[in-house]
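All values below come from the heavy atoms of this structure, side chains included, with hydrogens, waters and symmetry mates left out.
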Amino acid sequence: MPELPEVETMRRGIAGMVGSRITAACFPRETRRPIAMHPTAGVMRRRLVGRTISAVHRFGKRVAIELGATDERSAAWLIIEPRMTGLLLLVPPPTSEHVRMELAYDRGGQGGAVAHGRLVFWDRRGLGTIRLVDRRGLSAACGPDRLGPDGLVVSGADLAHRAGGSRRAVKVALLDQRLVAGIGNIYAAEILFRAGIDPRAACRRLTAEAWERIAGEARRVLAEAVRLEGSTIGDETYRTADNRSGRFQRRHRVYGRARQPCRTCRGAVERIVQAQRSTFFCPHCQWQPGRLRRTL
DNA sequence: CGTTCAACCTGGGCGC
DNA sequence: TGCGCCCAGGTTGAAC
């Protein structure tokens with residue numbers, strides 16, 4: 001589920017935890033398979049409790065909660081990867097089932113005021129992951145070998161340089177986190193529609209100008225989706241940290257709209273499958289370089 | 001190099 | 001109502 005805008009919304013939603021101290025951590029195992037985590041729950045708990053949160057980052061589609069160094073312990077990062085259905089919630093989850101992690105935190109205020117609360121990682125399908133890493137682990141998991149430039153700041157030159165010679169279809173390339181970080185199935189479709197590029201076009205056929213258009217639309221679409229707090233679709237599996245819906249779904253032009261009229265040309269939006277994922281696009285408004293543009 | 005498939009899971013929607 | 005099937009915002013590793 002969550003792509004860059006949803007994960008960035010999660011990050012902002014929990015950014016108020018900075019300065020708080022973790023007082024308890026639990027990792028319920030009541031589900032069939034415990035969440036994929038490293039290290040084990042006991043070690044994780046021991047390393048988390050008592051630590052102060054010094055920052056909350058986002059790397060692509062992952063949130064990283066930074067635990068500041070102390071005299072005894074060096075800095076560490078709790079990397080949470082929501083995958084399809086993971087949510088970070090500061091309010092009680094819909095059910096206690098599927099809670100994969102719960103952190104209690106408090107902040108000793110001046111004059112006896114204590115702010116405290118709970119952060120829950122709630123993940124229905126359980127495909128998400130949790131890792132606690134040191135500085136080296138962070139760079140192995142989220143460094144430039146793993147993640148390309150962030151989608152909010154990617155340039156046409158970045159894309160052209162890294163993918164320009166590839167025979168891959170441009171939609172498949174945009175899902176590759178090493179090329180550009182944060183784009184998933186929804187936003188790849190929306191970006192290519194706005195750029196007017198056919199998702200099946202081979203990267204090596206795209207001109208520098210086409211890459212500039214794709215990068216520009218990526219920055220614009222992702223920034224707008226962040227402003228609208230992401231996309232909540234259908235069964236509402238995505239919610240903000242305080243349990244509200246995103247609003248970018250109202251701006252979707254092609255995603256999930258197979259056989260419905262294109263909002264620009266009124267032709268039917270098509271659904272095809274690329275790399276085992278659905279791709280939605282308008283064959284009239286999106287074309288491949290070198291091919292005659294279809295006319296109505 | 002690039003594609004395809006399976007796997008990891010739960011749950012909603014649809015046709016019959 | 002129930003059953004079987006398809007679908008879903010992601011990632012990884014193996015096989016070809």
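For Glu81(A) and Lys61(A), the salt-bridge test fails: no basic side-chain N is under 4.0 Å from an acidic carboxylate O. Checked for salt-bridge contact, Glu190(A) and Arg253(A) miss the test: no charged N lies under 4.0 Å from a carboxylate O. In summary, Asp145(A) and Arg178(A) do not engage in a salt bridge, as defined by a charged side-chain N under 4.0 Å from a carboxylate O.
Remark: C1' of dG9(C) and CG of Asp123(A) are 12 Å apart, rounded to the nearest angstrom. To the nearest angstrom, P of dT3(B) lies 12 Å from NZ of Lys171(A). Going from atom CZ of Arg168(A) over to atom C1' of dT4(B) covers 14 Å, rounded to whole Å. Atom CG in Leu87(A) sits about 14 Å away from atom C1' in dG11(B), given to the nearest Å. In this entry the distance linking CG of Asp176(A) with C1' of dT3(B) reads 14 Å, nearest Å. In this structure, CD of Glu97(A) is placed 11 Å from C1' of dG11(B), rounded to the nearest angstrom.
In this model, the phosphate group of dA8(C) is approached by a side-chain N or O of Ser278(A) to a distance below 4.0 Å at OP1 or OP2. Between Thr85(A) and dG11(B), a side-chain N or O to OP1/OP2 separation shorter than 4.0 Å is absent. Listed pair Tyr187(A) / dG9(C) fails the phosphate criterion, with no side-chain N or O lying under 4.0 Å from OP1 or OP2.
Here Thr279(A) contributes atom OG1 and Arg200(A) contributes atom CZ; the two are 9.5 Å apart, rounded to the nearest 0.5 Å. With rounding to the nearest 0.5 angstrom, the CZ atom of Arg107(A) is 12.5 Å from the NE2 atom of His116(A). From Glu217(A), atom CD reaches atom CG of Leu222(A) across 10.5 Å, with rounding to the nearest 0.5 Å.
Comparing dC7(C) with dC5(B), their P atoms sit 13 Å apart, to the nearest whole Å. Annotation: dT10(B) and dT1(C) have their P atoms spaced 24 Å apart (nearest Å).
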Applying side-chain contact (heavy atoms from CB on, under 4.5 Å), run through Met101(A) and Met44(A) and close with a yes or a no. CA-CA 11 Å; Met101(A) 175 182 78; Met44(A) 187 94 80; over 6 Å; no
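Within the 4.0 angstrom heavy-atom criterion, no nucleotide atom of any strand lies near Thr129(A).
Between dG11(B), dG2(B), dG9(C), one nucleotide has an atom nearer to the side chain of His98(A) than all others, and that is dG11(B). Minimum atom distance to the side chain of Gln276(A) is reached by dT4(B), of the listed dT4(B), dG9(C), dG12(B). Comparing dA8(C), dG11(B), dG2(B) against the side chain of Arg271(A) picks out dA8(C) as the nearest.
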Protein within reach of the bases, or only the backbone? For nucleotides 10-16 of chain C, mark each nucleotide 5' to 3' as B, S or -, using heavy atoms under 4.0 Å. BBS----
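Between Leu175(A) and Arg277(A) the shortest side-chain heavy-atom distance falls below 4.5 Å.
A tilted orientation is assigned to the rings of Tyr187(A) and Phe248(A), their planes being inclined by 30° to 60°.
Counting heavy-atom neighbours within 6.0 Å of Arg204(A) CZ, excluding the residue itself, gives a total above 12.
Stem analysis of DNA chain C (Watson-Crick or G-U pairs, both distances under 3.5 Å, runs of at least three) returns B:2-8 with C:10-16, B:10-16 with C:2-8.
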